[in-house]
Amino acid sequence: TQLHTFVDGIVEAQLPQGWKLLNINCNNGFSDPNKHVGDFVTQMNLFMNGDAIMYRVFSTTLKGVMLHWYTRLSRNSIDSFTMLIACFGA
């Protein structure tokens, strides 16, 4: 088994063919979490609105202390994008 914060079912979600990283600024802990989530959701909705994929991709928009926070989430602790965003503080 892999060590990750995803509950079963999320890690298996496939990214769309030809997926490219989003063009948004990474959150480093000094920007508004609500704005970051809003920017993220807006761009993700251009491609899809699948909860599992949004959860998987969200970590690519974090850096510094926020990426450290994300990597320290307990294993199998998050079961939805909504739960992740609540933990994120947005």
With a 4.5 Å limit on heavy-atom distance, are the side chains of [X] and [Y] in contact?
| X | Y | result |
| --- | --- | --- |
| Phe40 | Met54 | yes |
| Met66 | Asn27 | yes |
| Phe88 | Phe58 | yes |

Per the side chain to side chain donor-acceptor pair (under 3.5 Å) rule, which among His36, Gln43, Lys35 passes with Asp39?
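For Asp39, the side chain to side chain donor-acceptor pair (under 3.5 Å) test succeeds with only one of His36, Gln43, Lys35, which is Lys35.
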
Not counting sequence neighbours, which residues clear side-chain contact (heavy atoms from CB on, under 4.5 Å) with [X]? List them please.
| X | value |
| --- | --- |
| Thr42 | none |
| Val65 | none |
| Asn25 | none |

Residues which pass side-chain hydrogen bond (donor to acceptor under 3.5 Å, both in side chains) with Lys63, listed by chain and number, not counting sequence neighbours:
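For Lys63 there are no side-chain hydrogen bond (donor to acceptor under 3.5 Å, both in side chains) partners, ignoring immediate neighbours.
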
Please find the pair of heavy atoms, one from [X] and one from [Y], that lie closest to each other, and give the distance.
| X | Y | value |
| --- | --- | --- |
| Ser59 | Tyr70 | CB-CE2, 3.3 Å |
| Gly89 | Pro33 | O-CG, 3.9 Å |
| Ile78 | Leu73 | CG1-CD1, 4.2 Å |

Okay, side chain of Ser74, backbone of Ser77: is any donor-acceptor separation there less than 3.5 Å?
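A pair under 3.5 Å: no.
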
